[in-house]
Amino acid sequence: MDNIYSTGKACEYDNPSNCLALNPDLYNCLADSRDYDRLRFCWEGWRDAVGRQLKDKYPRFVELSNDAVGQDAQRWEDTGAYWRSWYETADFQEQLENLYNQLTPLYNNLHAYVRKKLRATYGQDKISATGPIPAHLLGNMWSQSWINIYDLVEPYPGKTSLDVTPKMQADGWTVDRMFRTSDDFFKDMGQVEMPQNFWDNSMFVKPADREVVCHASAWDFYNAHDVRVKMCTNINMDDLVTIHHEMGHIEYYLQYKHHPVPFRRGGNPGFHEAVGDLLALSVATPTHLQGIGLLDNVEDDNESDINFLMSMALDKISFLPFGYLMDQWRWAVFNGSITPATYNEEWWKLRTHYQGIVPPIPRNPAKDFDPGAKFHIPGNTPYIRYFVSFVVQFQFHKALCETSGHTGPLHKCDISAGPNKAAAGEKLARMLQMGSSEEWPVAMEVITGQRTMSAQPIVEYFQPLITWLETQNAGERLGWDESWTPTYDC
Ligand SMILES: O=C(CCC(O)(O)[C@H](Cc1ccccc1)NC(=O)c1ccccc1)N[C@@H](Cc1ccccc1)C(=O)O
Ligand SMILES: [Zn+2]
């Protein structure tokens with residue numbers, strides 16, 4: 001399944017020998033095209049090339065995985081139960097649902113605003129004012145991050161552009177400079193620097209001579225010195241953020257390497273995903289981007305603030321329903337309540353219910369397997385960890401901002417700019433050094449002083465934007481009529 005995913009290509013209708021790889025061709029198509037039908041080709045072509053090939057393999061995989069976790073001393077009732085056990089939280093699913101319910105108003109306000117803007121771009125015949133959004137129009141192959149359509153939704157055009165990709169490319173940024181920039185930030189915050197073998201042994205760019213798994217990953221060789229990233233880096237802001245994400249994994253490896261192997265894990269899997277994103281919250285601030293030469297002039301006024309918060313919301317708020325639903329689907333597959341006969345229709349029920357999106361073309365239940373078109377399904381990588389990460393990274397950010405001595409609104413905080421940045425770095429290092437030797441509430445307490453997941457910090461961070469969106473959305477229908485479908489001209 002990994003090989004099918006990593007080598008899949010979508011071939012042009014009019015030239016079957018001209019085939020597009022996911023990275024970078026289809027990524028660029030979904031990010032840059034503003035042609036409804038071209039976007040549909042890229043969206044459908046990837047699912048035909050990969051999802052359809054995986055449809056009949058996945059049921060057997062589920063069976064084998066459930067057998068494996070039911071064996072011997074483990075005796076988990078199914079794979080989902082085993083995966084949830086890593087959080088050591090009896091009411092874990094209830095806590096997640098509670099967090100999600102608190103975040104729904106943020107998402108619905110962003111969704112309503114983006115839907116209105118997309119109607120203006122693609123026409124009222126293509127998008128309903130009260131329905132779900134066609135999935136291929138959101139700038140991302142899985143509609144999980146909407147940052148690439150920032151130009152279509154920018155609140156105050158003409159203010160400083162936050163899209164630093166053009167400047168990265170114009171200034172000749174290299175992949176090495178992107179990784180060095182990230183390493184410099186970790187060092188500046190008092191964390192451990194990347195060892196020489198990281199630079200010697202990592203794969204930073206897509207090789208020209210062989211097929212590789214391009215989906216980014218960070219590897220611990222459990223020998224206290226060999227740590228590596230594998231990534232097909234492109235010169236853009238998205239990948240600069242991903243580099244921080246991957247380096248966050250490496251940082252955890254380096255900080256907990258003194259523990260026995262069973263403790264060389266994150267406090268919980270969400271913590272491992274949160275480290276790099278946490279630091280990237282500071283790097284992404286306009287003043288920090290200016291400091292590393294990616295923004296020329298920064299305007300400090302309310303309109304620029306709203307533009308900045310919109311760009312952050314298109315990355316962080318848009319992700320929340322996707323991060324939540326991926327394992328809602330998978331846990332149900334593992335426990336048998338979703339069967340191979342209903343894989344795809346149950347997938348789209350969840351996608352429409354939580355994300356407020358619909359497929360641009362009818363799905364064929366006998367052939368289509370759209371979950372298979374997302375890396376983590378064939379890759380068998382659990383996903384709720386990212387939803388947990390998106391919640392806790394804002395709890396950590398708020399706490400480290402206070403420790404660093406930041407004053408003012410949370411969204412303007414760069415922990416490396418605070419007078420007590422060293423104290424903030426020490427708290428982070430102490431948490432990382434615990435690995436999984438303490439249960440995660442104890443690790444959380446080291447940074448935040450309390451032991452529970454909370455949606456309050458992410459809501460506080462985005463509050464100015466929420467207020468602005470509520471005004472903009474006056475008269476709009478929040479949420480969507482799940483029965484609407486786009487017109488299909490074949
Ligand atoms: O998948 C990733 C990043 C890759 C990874 O760093 O999480 C990677 C996934 C992976 C790859 C191969 C085998 C297993 C997992 N995870 C790691 O490299 C990893 C995982 C656990 C511990 C240490 C490293 N991000 C998710 C979600 C996300 C996260 C942050 C921003 C945007 C989107 C996505 O792209 O959908
Ligand atoms: Zn990760």
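Every number for a ligand or one of its atoms is a count from 1 in the order of the listing.
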After noting the C-alpha distance and the side-chain angles of M231 and M203, does the key distance pass the side chain to side chain contact (heavy atoms under 4.5 Å, CB included) rule? CA-CA 6 Å; M231 165 170 185; M203 186 194 91; over 6 Å; no

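The closest approach between any non-hydrogen atom of F322 and ligand 1 is not below 4.0 Å. Look at F375 and you'll find a heavy atom under 4.0 Å from some atom of ligand 1. At least one heavy atom of A216 lies less than 4.0 angstrom from ligand 1. Residue contacts with ligand 1: Y253 is included, with a non-hydrogen atom under 4.0 Å away. Put simply, part of Q144 is less than 4.0 Å from ligand 1, judged by heavy atoms. For the pair A218 and ligand 1, a heavy-atom separation below 4.0 Å is found.
Scanning the protein for heavy atoms near atom 16 (N) of ligand 1, the closest one is H249 NE2, 3.9 Å. Of the protein's non-hydrogen atoms, the one nearest atom 20 (C) of ligand 1 is E273 OE2, 3.7 Å.
By the 3.5 Å distance cut-off applied to N or O atoms, Y383 is counted among the residues near ligand 1. Close N/O approach between W219 and ligand 1 is not found [any backbone or side-chain N/O within under 3.5 Å]. Geometrically, ligand 1 and R385 share no nitrogen or oxygen pair separated by less than 3.5 Å.
The aromatic rings of F369 and W329 sit tilted, their planes meeting at an angle between 30° and 60°. Ring geometry, F204 versus F179: the interplanar angle falls from 30° to 60°, so the pair is classed tilted.
Closest approach between the Zn ion (ligand 2) and any N/O/S atom of H249 involves NE2. Distances from the Zn ion (ligand 2) to the N/O/S atoms of H245 are shortest for NE2. E273 contributes atom OE1 as its closest N/O/S atom to the Zn ion (ligand 2).
D183 and K187 are joined by a salt bridge, as a carboxylate oxygen and a charged side-chain nitrogen come within less than 4.0 angstrom of each other.
Heavy atoms only, all atoms of each residue included: F185 and S282 are closest at CZ-CB, 3.8 Å.
Against a heavy-atom cut-off of under 4.0 Å, T381 is close to the following atoms of ligand 1: 14 (C), 15 (C). Near S217, meaning under 4.0 Å from one of its heavy atoms, ligand 1 places the atoms 11 (C), 12 (C), 18 (O). Of all atoms in ligand 1, numbered sequentially from 1 with element shown, those under 4.0 Å from a heavy atom of E246 are 3 (C), 4 (C), 5 (C), 6 (O), 18 (O). The atoms of ligand 1 that sit less than 4.0 Å from any heavy atom of D277 are 30 (C).
T89 and W440 are linked by a side-chain donor-acceptor pair at a separation below 3.5 angstrom, with hydrogens and angles left out of the test.
Annotation: W219, atom CH2; neighbour count of heavy atoms from other residues, nucleotides and ligands within 6.0 Å does not exceed 12.
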